[in-house]
Trainee: 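Quick one: this structure, given as structure tokens, is what I'll be asking you about.
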Amino acid sequence: MYFSIKEIKLGLIYNLLIYLAQLGLKCVAPFNKKIALGVKGRSETFNILKNNLNKTDKTLWFHCASLGEYEQGLPVFKALREHYKTHKIVLTFFSPSGYQIRKNSPIADVVVYLPIDTKRNAKTFLNMVNPELTIFVKYDIWPNFLNELKQRQLRAVLISAAFRENQSFFKFYGKTLRDALFTFEHIFTQNKASKTLLESINYNRVTVSGDTRFDRVYSQLNQNNRLDFIEDFKGNNLCVVAGSSWLPDENLFVDYINNETAKGVKFILAPHNINNAQIKNLKEKLHTETVLFSEKNEKDFSQAQVFIIDTIGLLTKIYHYADIAYVGGAMGNTGLHNTLEPAVFGVPIIIGNNHVKFPEAKSMIDIGGMFSISNQKEFNTILNELVENEDKRLDSGSKNLDYIKKNKGAVIQILDYLRI
């Protein structure tokens, strides 16, 4: 009886926190543009569903926290889209950064924000959607939605799951979230460590399939990656691409370009945040001819040494033109961005030293395809070495491509389980 009362209390605490979070987001929204987008978007979710779904529609529901999870799930989503041609697909995001970029995703019929995880919202949402199959990606776990799915005996699967021992699922206070994991009929994990953690809480319907991101990035090799304006800029020169950079990353490049770089080397900088003031400041710091993407139709950028990409959605194809790649986020605390995207094009990669939560980074460092730096001196040293030593550059890059090839295949295992 003690544990039953305790479980009820934990559930009540969770629901109280959810309601407080919902209230807090509405209070903060007027002062934060990103939060305001989410609050406004969630207020429109049920109307959008009402206008786009009928009770007779057969549906699938895909949920992603943000853009990264969407990219992870995309190979599976595409296969399900092809197989269930008569079904309507509902795609939900929690974060504005995912929704704003993929609100017109071709794999979905309806794209909406996931409502805040209250019992009432869960019932209303599922009354409208009633999905035949639900796919959650990684670990964006919402107990009320998942419990409602289970009560209605609707299928739910978690893919590309990655767990760490310090997460709430595995703590004494995490029972509400832990119980939510048991609503999934099957969980596909990225690694054995995640499977072991699930088994430690007696969840055994688990398969180590690997990370679907490997399948996602490998498929990029079959796409048309040509960008004429990048070809015009690069010419026959060696090209260094800095993707998803933040200020600490950009400071490294400003110092290097102004003081170290050799002639015949060109740089493409693609900042993570497209902020006009920050872009202008970056351009002004550089003591060489620099052109912005937004200026490309007005200027002859073929003679420029630096090309700043002040737009979004092009980085994956831009990596195709890199001879050396730098991936931002690990020089500060913002989190390392996607290193698999440049790796698939067979180029060496440089990152900062804050990458402990990114196992793929450790793996590529261990095999010699990626290089972690802590300061300007280390950055200059490794970049100069890669610029000057073609053999090292090509050898490191080929190791990264081999790493991608060896780790793809998660999608096949998931689709086999789903029997499609």
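Since this is a predicted model, take the numbers as computed values, not measurements. Quick note: residue numbers are just sequence positions, from 1.
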Trainee: Would you confirm whether E295, through its side chain, and L292, through its main-chain N or O, come within 3.5 Å as a donor-acceptor pair?
Mentor: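 Judged by distance alone, yes, a pair lies under 3.5 Å.
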Trainee: Run the salt-bridge test on E360 and R213 with the 4.0 Å N-O cut-off and return the result as yes or no.
Mentor: yes
Trainee: Do the numbers put K234 on top of the ring of Y321, so that NZ or CZ is under 6.0 Å from the six-membered ring centre and no more than 45° off the axis?
Mentor: no
Trainee: I'd like to know if R81 pairs up with D109 as an ion pair, taking the criterion as any Lys NZ or Arg NE/NH1/NH2 lying under 4.0 Å from an Asp or Glu carboxylate oxygen.
Mentor: yes
Trainee: Side-chain contact test, heavy atoms from C-beta onward, threshold under 4.5 Å: evaluate it for V240 versus F253 and give yes or no.
Mentor: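 Of all side-chain heavy-atom pairs linking F253 with V240, at least one is under 4.5 Å.
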Trainee: If we ignore hydrogens and angles and just use 3.5 Å, is the side chain of R42 paired with the main-chain N or O of F94 as donor and acceptor?
Mentor: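 Judged by distance alone, yes, a pair lies under 3.5 Å.
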Trainee: If you measure from CG on N281 to CG on L286, what distance do you get to the nearest 0.5 Å?
Mentor: 10.0 Å
Trainee: So do L37 and Y113 actually touch side chain to side chain, heavy atoms under 4.5 Å?
Mentor: yes
Trainee: If you round to the nearest 0.5 Å, how far is CG of N251 from CG of L247?
Mentor: 4.5 Å
Trainee: Drop me the distance from L418's CG to Q413's CD, to the nearest 0.5 angstrom.
Mentor: 12.0 Å
Trainee: Would you say L340 and Y403 make side-chain contact, with heavy atoms under 4.5 Å?
Mentor: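 Yes - at least one pair of side-chain heavy atoms lies under 4.5 Å apart.
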Trainee: Look at the rings of F136 and H63 and say which category their plane angle falls in: under 30° parallel, 30 to 60° tilted, over 60° perpendicular.
Mentor: tilted
Trainee: Going through the checks in order, is the side-chain contact (heavy atoms from CB on, under 4.5 Å) test met by K408 and R216?
Mentor: CA-CA 9 Å; K408 64 185 180 70; R216 166 65 175 138; over 6 Å; no
Trainee: Are the side chains of L221 and L401 in touch, meaning some heavy atoms are under 4.5 Å apart?
Mentor: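 L221 reaches L401 side chain to side chain.
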Trainee: Given the rule in the side-chain contact (heavy atoms from CB on, under 4.5 Å) test, do F62 and V76 qualify, once you have shown the distances and angles that lead to the verdict?
Mentor: CA-CA 10 Å; F62 304 154; V76 176; over 6 Å; no
Trainee: Between the side chains of N144 and W142, is a donor N or O closer than 3.5 angstrom to an acceptor N or O?
Mentor: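 No, W142 and N144 have no side-chain donor paired with an acceptor closer than 3.5 Å.
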Trainee: Would you please test S244 and N338 for side-chain contact (heavy atoms from CB on, under 4.5 Å) and show each step?
Mentor: CA-CA 9 Å; S244 301; N338 194 334; over 6 Å; no
Trainee: Any heavy-atom pair between the side chains of I373 and T381 that's under 4.5 Å?
Mentor: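 No. Closest side-chain heavy atoms not under 4.5 Å.
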Trainee: Can you establish whether the number of heavy atoms outside K283 located under 6.0 Å from its atom NZ is more than 12?
Mentor: yes
Trainee: Taking atom types as modelled, is there a side-chain donor on Q305 or T288 under 3.5 Å from an acceptor on the other?
Mentor: yes
Trainee: Do N258 side-chain atoms and V254 backbone N/O form a donor-acceptor pair below 3.5 Å?
Mentor: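 Yes, because the side chain of N258 sits within donor-acceptor range (under 3.5 Å) of the backbone of V254.
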Trainee: Starting at CD1 of I141, measure out to OG1 of T176 and round the result to the nearest 0.5 Å.
Mentor: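 Here the rounded value is 13.5 Å.
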Trainee: Give a yes or no on whether D300 atom CG has more than 12 heavy-atom contacts from other residues, nucleotides or ligands under 6.0 Å away.
Mentor: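 Buried by this count: over 12 neighbours within 6.0 Å.
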Trainee: If only atom types and distance count, is the side chain of N147 paired as donor or acceptor with the main-chain N or O of T183 below 3.5 Å?
Mentor: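 Checked: no pair found.
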Trainee: Please lay out, stage by stage, how N222 and S219 fare under the test side chain to side chain donor-acceptor pair (under 3.5 Å).
Mentor: CA-CA 6 Å; N222 297 320; S219 69; over 6 Å; no
Trainee: Take V344 and Y319 through the test side-chain contact (heavy atoms from CB on, under 4.5 Å) and record every step on the way to the result.
Mentor: CA-CA 9 Å; V344 77; Y319 279 134; over 6 Å; no
Trainee: Got a sec: does the CG of L17 have more than 12 other heavy atoms crowding it under 6.0 Å?
Mentor: yes
Trainee: Under 3.5 Å, is there a donor on one side chain and an acceptor on the other for T124 and N121?
Mentor: no
Trainee: Taking the basic N atoms (NZ, or NE/NH1/NH2) and the acidic carboxylate oxygens, is any pair closer than 4.0 Å for R226 and D228?
Mentor: yes
Trainee: Is the number of heavy atoms from other residues, nucleotides or ligands under 6.0 Å of I412 CD1 greater than 12?
Mentor: no
Trainee: Just do the ring-ring contact (aromatic ring centres under 6.0 Å, His included) check on F169 and Y139 with the steps written out, would you?
Mentor: CA-CA 10 Å; F169 306 108; Y139 47 62; 7.5 Å; no
Trainee: Rounded to the nearest 0.5 Å, what separates atom CD1 in I349 from atom OG in S372?
Mentor: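 I349 CD1 to S372 OG: 12.5 Å, rounded to 0.5 Å.
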Trainee: Quick one about S105 and Y70 (side-chain donor to acceptor, distance below 3.5 Å, no hydrogens or angles considered), yes or no?
Mentor: yes
Trainee: Would a distance-only check, ignoring hydrogens and angles, find a side-chain to backbone donor-acceptor pair under 3.5 Å from S160 to D211?
Mentor: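 Flag not set: sc S160 to bb D211 has no pair under 3.5 Å.
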Trainee: Counting only heavy atoms not in N259 (residues, nucleotides, ligands), do more than 12 fall under 6.0 Å from its CG?
Mentor: yes
Trainee: Tell me whether E44 is salt-bridged to K40, with the criterion being a basic N under 4.0 Å from an acidic carboxylate O.
Mentor: yes
Trainee: So that I know where these two stand, are F184 and Y203 an aromatic pair - ring centroids less than 6.0 Å apart?
Mentor: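 Judged by ring-centre distance (under 6.0 Å), F184 and Y203 do not meet the cut-off.
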Trainee: Report yes or no: is the cationic atom of K266 (NZ for Lys, CZ for Arg) under 6.0 Å from the centre of the six-membered ring of F233, at an angle within 45° of the ring normal?
Mentor: yes
Trainee: Check for a donor-acceptor pair, side chain of S95 on one end and backbone N or O of A65 on the other, with a separation under 3.5 Å.
Mentor: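 Not confirmed, S95 side chain does not pair with A65 backbone.
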Trainee: Hey, are H186 and T207 close enough side-chain-wise for a donor-acceptor pair under 3.5 Å?
Mentor: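 Yes, side-chain donor-acceptor contact under 3.5 Å.
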Trainee: Does Y218 offer a backbone N or O that forms a donor-acceptor pair with the side chain of K405 under 3.5 Å?
Mentor: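 No; judged by distance alone, with no hydrogens or angles, the pair does not exist.
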Trainee: Closest approach of T45 and P115, non-hydrogen atoms and distance?
Mentor: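 Heavy-atom minimum between the residues: CG2-CG, 3.9 Å.
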Trainee: Give me the one residue out of V110, L91, L133, L126 that meets side-chain contact (heavy atoms from CB on, under 4.5 Å) with W61.
Mentor: L126
Trainee: Within the side chain of E69, is there an N or O that forms a donor-acceptor pair under 3.5 Å with the backbone of S66?
Mentor: yes
Trainee: Testing the basics here: between F170 and S200, what is the closest heavy-atom pair and its distance to 0.1 Å?
Mentor: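 That closest heavy-atom pairing would be CD2-OG, 4.4 Å.
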Trainee: Hey, is CD on E199 packed in by over 12 heavy atoms from elsewhere, all under 6.0 Å?
Mentor: yes
Trainee: Can you measure from CG (N225) to CG (L314) and round to the nearest 0.5 angstrom?
Mentor: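 Going from CG on N225 over to CG on L314, the span is 11.5 Å.
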Trainee: If only atom types and distance count, is the side chain of D310 paired as donor or acceptor with the main-chain N or O of F293 below 3.5 Å?
Mentor: yes
Trainee: Do any N or O atoms from the side chain of R155 and from the backbone of E132 form a donor-acceptor pair under 3.5 angstrom?
Mentor: no
